[in-house]
Every structure is written in C-alpha cells, then in structure tokens.
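It should be emphasised that the depicted structure is a prediction, and the values quoted were computed from it without experimental measurement. Indexing begins at 1, ligand by ligand and atom by atom, following the structure's order.
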Amino acid sequence: MTTNLQNSPLDFSNIQTARGLSYRVLCAGLDGTQFASRLLEDALGMGDVSGQDRRLATELTYGVVRRERTLDAIIETFVSRGRSSVEPELWCLLRLGAYQLIFLTGVPTHAAVNETVALAGSVGRARWTGFANGVLRSMTRALTGEPVNEPGRRAVPLRDGNYLGFDRDLFADSHEQPAEYFAAAFGFGDWAARRWLERFGFERLLKMGFWFNAAALPCLRVNLLRVDREVLLEDLSAAGVSASEGTLPESVRLGEMARITELPGFRQGWFTVQDESAMAAARLLNPAPGTRVWDMCAAPGGKSTHMAEIMQNHGTLLASDIEFRRIMNVEQTRDRLGLTMISTRTIYPDSRNLPDGPFDAILVDAPCSNSGVLGKRPEARHRVTAENVAELCELQARLLGAGLDRLAPGGRLVYSTCSIEPEENRELVLKVLAGRNDVELQEEQEHIPGEPVDGGYQALLQRT
Ligand SMILES: C[S@@+](CC[C@H](N)C(=O)[O-])C[C@H]1O[C@@H](n2cnc3c(N)ncnc32)[C@H](O)[C@@H]1O
C-alpha cells in the first residue's frame with residue numbers, strides 16, 4: 001500500500017524544511033486513515049533530506065502524534081473562540097508550534113514561534129499568521145519556567161519524572177481525578193487510563209506514562225550465526241555509535257537514535273532490530289534444530305528470523321501472514337540474514353490455505369492492541385479502546401485454536417502479544433484452553449512497560 005501525502009487542501013510545493021515536512025505529514029494524517037509513521041517514511045524517502053532535518057522531522061511528527069491529546073488540552077486553554085471554529089489544518093499548525101515550545105529542548109522560543117507561523121504563509125494561508133502568532137505567544141508567556149517535580153493541574157509531564165509549569169490550569173486535578181489527569185497530561189485514552197490506574201496504582205502509572213513518552217532507543221538482535229556480539233559492538237564503537245550489551249546474549253542496546261540501514265554490519269546481515277521483550281517469545285518456544293516450525297503471524301519477520309537463528313538454520317520454518325506486502329518484508333530480512341530454512345506463505349482472508357501440519361513448534365504472535373509498546377507505535381495509543389480489544393480477542397482466539405489444532409503430539413506452542421491487557425493475554429488463553437482437553441499451560445511471562453523494557457505477554461502451551 002502506498003500512502004497519500006497529497007491528502008490536504010494546502011499547497012506544500014514550496015516547503016523544504018523539517019518543520020514543513022512534518023507539517024505536511026501531520027496534515028495528510030488528519031483524517032485518521034493513514035499512519036503518520038508510514039507517511040513520514042514516504043516523505044523522507046522522496047527527497048534528499050539531511051540527517052539533521054530527518055531527525056527533527058521525525059521527532060516533531062512522532063511527538064505531535066504521541067502527545068496530541070496533551071497538546072489539544074493546552075491549546076484549548078489559549079483559544080477562546082473554541083476548537084470547532086478553527087480549521088483542522090490551522091489547529092494542526094498550533095499543535096506543531098506548541099510541541100516545539102513545550103517539549104523540544106534546544107529550540108529557542110522565538111524560533112519555534114516564528115518558523116511555525118511562517119509556515120502558514122508558505123502553504124498559502126497568510127491569513128492564519130496573526131491568530132497562530134497570538135496563540136503561540138500567549139502560550140510562551142504562560143510558561144512559568146519553574147521546575148516542577150510532581151503532577152498537578154498546571155504541570156505538563158516532560159521526561160524522567162520532570163514537569164513543565166504553566167501559570168494556569170490545564171488539566172483535571174491529579175488527586176481528585178487521577179485517571180482524567182493522566183489521560184490528558186500524558187496523552188492516552190480514557191478507557192486505558194482508568195483500567196491501568198486500577199491495576200497499577202497512580203505512582204506506577206506515572207512511571208509507565210514517562211516510559212511511553214520517552215523516545216524509545218532501538219535494540220538490536222545479533223545474528224550469532226554470522227558474527228559475535230563483541231565484534232559488532234567494536235564495529236559500532238569504531239563508527240562512533242554508542243551501544244552496549246543487552247540483558248540477553250544476543251541483544252545490543254543502542255545508546256542513541258541511528259539510521260539502522262547505515263550501521264556497520266547491516267548489509268552483511270549481522271543484526272536486526274528487535275526489542276528484548278519481543279526476543280522473549282522465540283526464546284520461550286526455543287525450537288530445536290532440525291524440527292518443523294510454523295510462525296503463523298510472521299510479518300515483518302522479527303521472530304521467524306530469531307527462531308531460525310536459534311535453530312542454527314537447520315530444519316523447516318514456515319512463516320505465514322495475511323498481508324502479502326508484509327510477507328515481502330519477511331523475505332527481505334530472511335535473505336539479508338542468510339536464513340535459508342525459512343519459507344513463506346500468504347494466508348487468504350478466509351484461512352483456506354492454512355498449512356495442514358503437524359508441527360513440532362508453533363508461534364502465534366497475534367495481532368493485538370499494542371498496549372505494551374505504545375512508545376514505539378505513536379498512533380496505537382489512540383486505538384486502545386474497549387471495542388478494539390473485544391474485536392481483537394475474537395481473532396486471537398480463532399488464531400490460537402487454529403495453531404493448537406496443528407500441533408504434533410508433545411508439540412509446543414507459544415502464544416504471544418505486545419499487549420498488557422489481560423483479555424488479550426491470560427484470560428484469552430484460559431478461555432481457549434477451557435474448550436479443549438489436549439493442551440496444558442506450561443509457563444507464562446508478562447512484561448510491564450518500562451520494567452525495564454517494553455510490555456508484552458507470552459504463554460507456553462504443550463499438546464498432550
Ligand atoms: C504482531 S504482528 C506479527 C509480528 C511478527 N511476528 C514479528 O515478530 O515480526 C501480527 C501479524 O499478524 C498478521 N495477521 C493478522 N491477521 C492474521 C491472520 N488471520 N492470519 C495470519 N496473520 C494475520 C498481521 O498482518 C501482522 O503482521
């Protein structure tokens with residue numbers, strides 16, 4: 001699927017700056033049908049964008065999407081005529097300006113305001129200039145500049161437990177309405193905020209909010225069939241990239257944002273990007289070399305390739321997915337990493353071409369709400385809703401059942417998600433198991449976001 005950056009009434013033909021690029025992407029994503037992350041990928045691929053502009057455009061785009069709800073709550077305080085009377089693209093411009101004023105370090109206030117306001121003229125909306133200037137300047141004056149280290153009506157959460165103080169109320173009171181405060185100040189949905197508050201308590205919830213809102217640094221999984229972790233670390237260090245050992249023997253944590261495809265060893269297939277919580281799934285299944293393995297929901301191939309590495313590239317591994325385009329990503333990564341044991345299959349929507357099996361090991365890495373990885377998926381936080389979760393649970397139960405039906409006697413299956421919602425995890429597994437007497441639950445792992453990596457769940461099941 002190609003994305004559509006033309007999806008806006010504004011004229012972007014004269015725009016060349018990082019702010020302009022980000023504004024264009026945010027405007028194209030306003031109708032909610034396209035992911036800003038994909039639009040940004042397309043936009044960055046179109047022109048010759050310098051490293052610095054690329055970083056700024058990425059930070060602005062991801063940041064505005066992530067903190068959309070927080071920005072809206074703040075902007076509403078400064079727009080007396082009400083949001084409904086402001087054109088969506090103008091509101092979007094205010095979000096971009098407010099994000100820079102509040103969340104971006106290293107950008108002088110006057111630059112944030114002036115350059116944002118100048119964008120209005122560049123896209124053919126000079127008539128917006130006075131209004132945008134007025135709103136952003138009054139926002140600047142309302143910043144107290146005082147460091148604040150606890151939540152409150154006037155406190156905007158920044159990073160690492162620090163807040164930015166305003167001279168007026170922006171949010172609900174954090175003592176009286178903690179869920180409402182959290183949702184607006186950290187930028188999450190009401191449903192998610194209420195249920196996480198009940199489950200984790202306010203202090204842990206705040207830590208989770210800060211974790212999700214920090215720019216997540218990537219983690220690499222070393223392809224130990226091609227290189228030792230020490231050699232990769234030495235090469236990264238020689239290239240001036242800060243990196244250190246992760247907690248697993250195959251993991252490396254990057255200490256800074258980097259263009260992955262330009263890191264040493266990328267083309268040689270020395271590593272792939274994968275968070276440690278995601279590495280836990282293949283490790284739990286731990287398929288033996290020489291066995292028959294099926295990765296049911298495989299694309300883009302992170303866990304298939306991990307399993308093939310664990311199996312020393314020996315045996316058979318079928319990687320299937322419902323999305324053909326994403327199956328091509330599996331094939332690219334497979335070829336880059338040299339994992340010839342992996343074959344692929346695109347599953348039809350009615351599942352009529354599921355493999356017969358039986359398999360010795362199956363991974364069901366189900367589509368989920370992504371509520372454990374909201375730092376990496378900026379749009380996903382707006383989709384963690386009761387309706388979405390209920391719909392996903394039906395699909396997840398169907399996929400898990402289809403996997404269990406294709407397990408050889410004694411075979412093992414890992415069901416995994418990157419969600420932290422019990423309905424998609426333990427409750428779902430127990431519900432499916434209640435309907436059959438040929439499977440035992442052997443082990444479960446739950447990861448809470450930020451403690452210390454991304455969130456997720458894995459259950460190891462065995463066919464009797
Ligand atoms: C969490 S992602 C998988 C990530 C992958 N395992 C990895 O580690 O790179 C879930 C995948 O399930 C796929 N999917 C959704 N419905 C499916 C179905 N009915 N059958 C197979 N795959 C499906 C989606 O296209 C998506 O790629």
Side-chain angles (χ1 to χ4, degrees), residues 1 35 37-38 218-221 223 250-251 260 271-285 287 293-310 317-334 336-337 339 342 344-355 357 359 361-374 376-377 379-380 383-384 388-389 391-406 413-421 424-425 428 447 453-459:
M1 190 181 73
F35 285 164
S37 45
R38 263 192 212 163
C219 196
L220 306 182
R221 190 192 74 232
N223 180 1
E250 65 270 47
S251 64
I260 300 298
F271 61 82
T272 193
V273 173
Q274 190 174 50
D275 197 76
E276 286 179 332
S277 63
M279 292 181 209
R283 283 190 140 253
L284 182 61
L285 187 57
V293 179
W294 179 27
D295 186 357
M296 183 192 276
C297 305
K303 299 186 185 74
S304 293
T305 49
H306 193 196
M307 288 193 287
E309 286 163 11
I310 290 172
L317 196 159
L318 175 65
S320 69
D321 201 278
I322 203 161
E323 276 199 46
F324 170 67
R325 189 183 54 86
R326 285 164 60 79
I327 277 286
M328 293 200 298
N329 297 139
V330 179
E331 292 170 356
Q332 273 167 5
T333 306
R334 170 196 67 187
R336 185 174 61 81
L337 300 179
L339 299 166
I342 300 177
T344 59
R345 181 179 297 188
T346 305
I347 301 295
Y348 295 131
D350 63 6
S351 300
R352 87 189 107 108
N353 64 336
L354 286 182
F359 295 95
I362 297 178
L363 177 64
V364 180
D365 188 31
C368 69
S369 64
N370 296 132
S371 66
V373 293
L374 297 176
K376 297 208 170 68
R377 311 266 166 85
E379 293 95 353
R383 297 195 312 268
V384 183
N388 252 345
V389 167
E391 209 172 291
L392 284 161
C393 286
E394 281 180 33
L395 173 62
Q396 290 157 348
R398 192 159 57 73
L399 296 174
L400 176 55
L404 291 172
D405 290 342
R406 287 160 178 81
L413 181 149
V414 163
Y415 170 81
S416 83
T417 71
C418 49
S419 161
I420 53 169
E421 309 315 314
E424 298 182 79
N425 295 339
L428 182 116
H447 312 267
V453 288
D454 269 341
Y457 171 85
Q458 292 96 28

*Asks:* Under a 4.0 angstrom heavy-atom cut-off, which atoms of ligand 1 come close to G302?
*Replies:* 7 (C), 8 (O), 9 (O)

*Asks:* Looking only at heavy atoms, is any part of A298 under 4.0 Å from ligand 1, and if so is it the side chain, the backbone, or both, or is it neither?
*Replies:* backbone

*Asks:* Evaluate side-chain contact (heavy atoms from CB on, under 4.5 Å) for L428 paired with L400, printing each intermediate quantity in order.
*Replies:* CA-CA 9 Å; L428 182 116; L400 176 55; 4.2 Å; yes

*Asks:* Whether the side chain of D454 engages the backbone of S277 through a donor-acceptor N/O pair (distance < 3.5 Å, no angle test) should be reported.
*Replies:* no

*Asks:* As a test of understanding, state which of V364, L363, L354 forms a side-chain contact (heavy atoms from CB on, under 4.5 Å) with W294.
*Replies:* L354

*Asks:* Quick one: does I347 get an N or O within less than 3.5 Å of an N or O on ligand 1?
*Replies:* no

*Asks:* Take R334 and T344 through the test side-chain contact (heavy atoms from CB on, under 4.5 Å) and record every step on the way to the result.
*Replies:* CA-CA 10 Å; R334 170 196 67 187; T344 59; 4.2 Å; yes

*Asks:* If the cut-off is 4.0 Å to any non-hydrogen atom of D365, which atoms of ligand 1 fall inside it?
*Replies:* 1 (C), 3 (C), 4 (C), 5 (C), 6 (N), 7 (C), 8 (O), 10 (C)

*Asks:* If you measure every N/O of S320 against every N/O of ligand 1, is any gap under 3.5 Å?
*Replies:* no

*Asks:* Name the closest protein heavy atom to atom 16 (N) of ligand 1, giving the residue it belongs to and the distance to 0.1 Å.
*Replies:* I322 CG2, 3.7 Å

*Asks:* When you measure from the side chain of R406 to the backbone N and O of P355, does any donor-acceptor pair fall under 3.5 Å?
*Replies:* yes

*Asks:* Ignoring angles and geometry beyond distance, decide whether C297 reaches within less than 3.5 Å of ligand 1 through its nitrogen or oxygen atoms.
*Replies:* yes

*Asks:* Please could you name the atoms of ligand 1 that L399 approaches to less than 4.0 Å, counting only its heavy atoms?
*Replies:* 18 (C), 19 (N), 20 (N)

*Asks:* Spell out, as yes or no, whether a donor-acceptor pair under 3.5 Å connects the side chain of S419 to the backbone of S371.
*Replies:* no

*Asks:* Within the distance-only criterion (no hydrogens, no angle test), does the side chain of E379 pair as donor or acceptor with the backbone N or O of S37 below 3.5 angstrom?
*Replies:* yes

*Asks:* Within the 4.0 Å heavy-atom shell around P300, which atoms of ligand 1 are there?
*Replies:* 9 (O)

*Asks:* Closest non-hydrogen protein atom to atom 4 (C) of ligand 1, residue and atom name please, with distance?
*Replies:* A299 O, 3.1 Å

*Asks:* Can you sort out which atoms of ligand 1 are near A366, meaning under 4.0 Å from one of its heavy atoms?
*Replies:* 1 (C)

*Asks:* What part of Q274, side chain from CB on, backbone N/CA/C/O, both or neither, has a heavy atom under 4.0 Å from ligand 1?
*Replies:* neither

*Asks:* Using the side-chain contact (heavy atoms from CB on, under 4.5 Å) definition, which of the options E276, E309, H306 pairs with E250?
*Replies:* H306

*Asks:* Tell me whether R326 has any N or O atom under 3.5 angstrom from an N or O of ligand 1.
*Replies:* yes

*Asks:* Quick one: does P367 get an N or O within less than 3.5 Å of an N or O on ligand 1?
*Replies:* no

*Asks:* Using a 3.5 Å distance criterion without hydrogens, assess whether the side chain of N223 forms a donor-acceptor pair with backbone atoms of L337.
*Replies:* yes

*Asks:* For atom 11 (C) of ligand 1, grab the closest protein heavy atom and report residue, atom and distance to one decimal in Å.
*Replies:* D321 OD2, 3.5 Å

*Asks:* Taking atom types as modelled, find out whether S369 and E424 have a side-chain donor-acceptor pair closer than 3.5 angstrom.
*Replies:* yes

